[in-house]
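Worth knowing before you read on, the calculation uses all heavy atoms, side chains too, and leaves out hydrogens, waters and symmetry mates.
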Amino acid sequence: SEAIYAYDFFVSGNQSTASEWQWAGGNMAAAKPLCRDLACMAMGNVKKGGFSRDALQLFGEIINEDAPFSAAALLGLTYSLEHDRDWQSATQLLKDFIDKSSNWQIL
């Protein structure tokens, strides 16, 4: 949960260190692929749940930007959906994976 707090604090807010924290500078409103990847993994590790909406939003950004992501990030998203018992979104994710994953950049 500390990783998620750090992500929210540095990326979501108007912190002057956000661009440095993301290792590449530039737009503080847009998270770098590695940061989103790690955040999805961390959100999936929170067993009490509560992060599936955030994880879905991050995943949507990744897909919309045609950015690479890890299988571990996809698994983290899946776990966060499971922890929140969001079966409808989990089913949609599976359908998207079957239909569209050839276009996804899974590393």
Side-chain angles (χ1 to χ4, degrees):
S1 76
E2 289 179 24
I4 298 167
Y5 170 76
Y7 180 86
D8 283 341
F9 180 78
F10 286 112
V11 178
S12 298
N14 288 322
Q15 307 301 324
S16 63
T17 57
S19 62
E20 291 178 29
W21 179 70
Q22 292 189 56
W23 303 292
N27 185 357
M28 285 191 278
K32 303 300 181 226
L34 177 60
C35 293
R36 288 188 291 217
D37 206 78
L38 292 171
C40 282
M41 286 188 271
M43 289 176 191
N45 286 329
V46 179
K47 304 244 188 265
K48 68 178 180 174
F51 292 102
S52 64
R53 294 289 115 209
D54 293 330
L56 278 171
Q57 179 181 349
L58 289 176
F59 185 70
E61 291 174 10
I62 291 167
I63 295 303
N64 289 336
E65 294 175 15
D66 197 28
F69 61 98
S70 71
L74 184 59
L75 191 58
L77 169 59
T78 305
Y79 284 143
S80 69
L81 294 170
E82 177 185 5
H83 297 320
D84 285 353
R85 298 182 181 273
D86 186 351
W87 310 123
Q88 184 175 5
S89 296
T91 302
Q92 185 60 51
L93 178 63
L94 178 59
K95 287 179 183 177
D96 288 346
F97 180 77
I98 292 168
D99 295 340
K100 303 173 185 174
S101 67
S102 62
N103 298 327
W104 295 353
Q105 294 187 51
I106 303 173
L107 304 175

Quiz item: Got a sec, which pairs hit salt bridge (Lys or Arg N to Asp or Glu O under 4.0 Å) with one end in residues 74-95, sequence neighbours left out?
Solution: Arg53-Asp86
Exercise. Show your reasoning for whether side chain to side chain contact (heavy atoms under 4.5 Å, CB included) applies to Leu56 and Leu81.
Key: CA-CA 9 Å; Leu56 278 171; Leu81 294 170; 3.8 Å; yes
Got a second to check how far [X]'s [atom1] is from [Y]'s [atom2], nearest 0.5 Å?
X: Gln92; Y: Leu94; atom1: CD; atom2: CG; answer: 9.5 Å
X: Trp87; Y: Thr91; atom1: CH2; atom2: OG1; answer: 9.0 Å
X: Cys40; Y: Gln57; atom1: SG; atom2: CD; answer: 10.5 Å
X: Gln88; Y: Leu93; atom1: CD; atom2: CG; answer: 12.5 Å
X: Leu58; Y: Cys35; atom1: CG; atom2: SG; answer: 10.0 Å

Practice problem: Look at the side-chain heavy atoms of Ile, Leu, Val, Met, Phe, Trp and Tyr, link any pair under 4.5 Å apart, and say whether Ile62 and Phe97 land in one connected group. | Solution: yes
Quiz prompt | For Lys100, side chain to side chain contact (heavy atoms under 4.5 Å, CB included) partners two or more places apart | solution = Asp96, Trp104
Kindly list each side-chain donor-acceptor pair under 3.5 angstrom involving residues 69-80, sequence neighbours excluded, with atom names and distances?
| unit_1 | atom_1 | unit_2 | atom_2 | d |
| --- | --- | --- | --- | --- |
| Ser70 | OG | Asp37 | OD1 | 3.3 |
| Ser70 | OG | Asp37 | OD2 | 2.7 |
| Ser70 | OG | Ala72 | N | 3.4 |
| Ser70 | OG | Ala73 | N | 3.0 |
| Thr78 | OG1 | Leu74 | O | 2.9 |
| Ser80 | OG | Leu77 | O | 2.8 |

Quiz item: Which is it for His83 and Val46 under the side chain to side chain contact (heavy atoms under 4.5 Å, CB included) test, yes or no, and what are the steps along the way?
Solution: CA-CA 8 Å; His83 297 320; Val46 179; 5.8 Å; no
